[in-house]
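Heads up: numbering here begins at 1 and tracks the sequence.
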Amino acid sequence: MPVEIRKTLLHVENTLIEGGKPAQTPLKLIAAMAVIRNPWAGRGFVDDLSVEIRDCAPGLGALLTEMVLEAAGGGDKVEGYGKAAIVGLNGEVEHASALIHTLHFGNHYRSAVGAKFYLSFCNTRGPANAPLMIPLMDKNDGGRRSHYLTIQSAVADAPAPDEILIALGASIGGRPHHRIGDRYQDLKELGHDVDNPAAV
């Protein structure tokens, strides 16, 4: 059965001044959210989650991706990206994980923004108005620290005990005035091979 969506929400945040200094390029953060009925609610412990994953995840991925792209002005504008889910108190964290940790969900977004790197993520359980935290990383470069960002939001009436809040996040730009370098400088200073960080 396709996913039952109660409502969708779009969060757009523009940072113009950071640390008292105007941003040369404002940072735009976007979160596209859907509040859905937990497809496993009221069924006790379900061994095989795959049927509902295939029924629900593709449509959710397509819907939220389209919301992000519309707010961003196209997939090429998206620089940082991530995903998150909060399952209501009657559900399992595994239910939240099931719908976002599947290629049936994430590949819509990865393809639309031309990403090479994995989607950073957060999956938790909580009541209505629980903090939604969407960690972001550069879509093509996991060592680019300027794009280590977190979108913070909450939905006053979600998730209800038998719901899941699903979200995709995006950034246009990185942190204003970022000045801690990238991961590669640390690797060099510590004597590691940048192309093979595990080697000393």
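- Side chains of Ser171 and Leu29 form a contact here, defined as non-hydrogen atoms less than 4.5 Å apart.
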Determine, step by step, whether His108 and Leu64 satisfy the side-chain contact (heavy atoms from CB on, under 4.5 Å) criterion, reporting the C-alpha distance in whole Å, the side-chain angles of both residues, the deciding distance to 0.1 Å, and the verdict. CA-CA 9 Å; His108 291 280; Leu64 295 176; over 6 Å; no

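- Scored by the side chain to side chain donor-acceptor pair (under 3.5 Å) test, Glu92 finds His95 as partners (sequence neighbours excluded).
- The side chain to side chain donor-acceptor pair (under 3.5 Å) check on Asp47 picks up nothing, with sequence neighbours excluded.
- Under the 3.5 Å distance criterion, the side-chain polar atoms of Lys139 are matched with a main-chain donor or acceptor of Val113.
- Considering only residues two or more places apart in sequence or on other chains, Lys188 meets the side-chain contact (heavy atoms from CB on, under 4.5 Å) condition with Val194.
- Among residues at least two apart or in separate chains, there is no ring-ring contact (aromatic ring centres under 6.0 Å, His included) pair with a member in residues 15-39.
- For the atom pair Thr25 OG1 and Leu16 CG, the distance stands at 11.5 Å (nearest 0.5 Å).
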Identify each donor-acceptor pair in which a side-chain atom of residues 159-169 lies under 3.5 Å from a protein atom, sequence neighbours left out, and give them as a table.
{"residue": "Asp162", "atom": "OD1", "partner": "Asn90", "partner atom": "ND2", "Å": "3.1"}
{"residue": "Glu163", "atom": "OE1", "partner": "Arg6", "partner atom": "NH2", "Å": "3.1"}
{"residue": "Glu163", "atom": "OE1", "partner": "Ala160", "partner atom": "N", "Å": "2.9"}
{"residue": "Glu163", "atom": "OE2", "partner": "Arg6", "partner atom": "NE", "Å": "2.6"}

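- Looking at Ile5 and Leu63, their side chains come closer than 4.5 Å, going by heavy atoms from C-beta outward.
- Taking the side-chain contact (heavy atoms from CB on, under 4.5 Å) definition, one finds that Ser146 meets it with Arg144, His178, sequence neighbours left out.
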For residues 68-79, which side-chain N or O atoms pair as donor and acceptor with protein atoms under 3.5 Å away, sequence neighbours left out?
{"residue": "Glu79", "atom": "OE1", "partner": "His147", "partner atom": "NE2", "Å": "2.7"}
{"residue": "Glu79", "atom": "OE1", "partner": "Gly173", "partner atom": "N", "Å": "3.4"}
{"residue": "Glu79", "atom": "OE2", "partner": "Gly173", "partner atom": "N", "Å": "3.4"}

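- Note on Leu103 and Val51: separate hydrophobic clusters, where clusters join Ile, Leu, Val, Met, Phe, Trp and Tyr whose side-chain heavy atoms are under 4.5 Å apart, directly or indirectly.
- The CE atom of Met137 sits 11.0 Å away from atom CG of Leu119, with the distance rounded to the nearest 0.5 Å.
- Residues Val46 and Ile53 share a single hydrophobic cluster, defined by chaining ILVMFWY side chains whose heavy atoms lie under 4.5 Å apart.
- Think of Leu89 as one node in a network of Ile, Leu, Val, Met, Phe, Trp and Tyr side chains linked at under 4.5 Å; it has no links at all.
- Residues Val93 and Phe105 do not share a hydrophobic cluster, clusters being chains of Ile/Leu/Val/Met/Phe/Trp/Tyr side chains in contact below 4.5 Å.
- Contact annotation: the side chain of Val35 never approaches that of Asp157 to less than 4.5 Å [non-hydrogen atoms, C-beta and beyond].
- Judged purely by atom type and a 3.5 angstrom limit, Tyr148 uses its side chain to pair as donor or acceptor with the backbone of Gly142.
- In this structure Arg175 satisfies the side chain to side chain donor-acceptor pair (under 3.5 Å) test with no other residue, sequence neighbours excluded.
- Linking Ile, Leu, Val, Met, Phe, Trp and Tyr residues whenever their side-chain heavy atoms come within less than 4.5 Å leaves Leu9 and Leu60 in two separate clusters.
- For the pair Asp182 (side chain) and Tyr184 (backbone), a donor-acceptor distance under 3.5 Å is absent.
- Arg43 pairs by the side chain to side chain donor-acceptor pair (under 3.5 Å) definition with Glu52, not counting sequence neighbours.
- By the 4.5 Å heavy-atom criterion applied to side chains, Leu49 and Trp40 are counted as neighbours.
- Looking at every heavy atom in both residues, Arg37 comes nearest to Ala41 through NH2-O, 4.0 Å.
- Listed by first and then second residue, the ring-ring contact (aromatic ring centres under 6.0 Å, His included) pairs involving residues 65-90 are Tyr81-Tyr109 (not counting sequence neighbours).
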For residues 121-136, tabulate all N or O donor-acceptor pairs below 3.5 Å that involve a side-chain atom, not counting sequence neighbours.
{"residue": "Asn123", "atom": "OD1", "partner": "His101", "partner atom": "NE2", "Å": "2.5"}
{"residue": "Arg125", "atom": "NH1", "partner": "Gly91", "partner atom": "O", "Å": "3.2"}

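- Hydrophobic clustering, with ILVMFWY side chains joined whenever heavy atoms are under 4.5 angstrom apart, keeps Val155 apart from Met67.
- In this structure, the side chains of Leu27 and Leu149 come closer than 4.5 Å at one or more pairs of heavy atoms.
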Intermediate values then yes/no, side-chain contact (heavy atoms from CB on, under 4.5 Å), Leu99 and Ile36: CA-CA 11 Å; Leu99 293 177; Ile36 70 166; 3.5 Å; yes

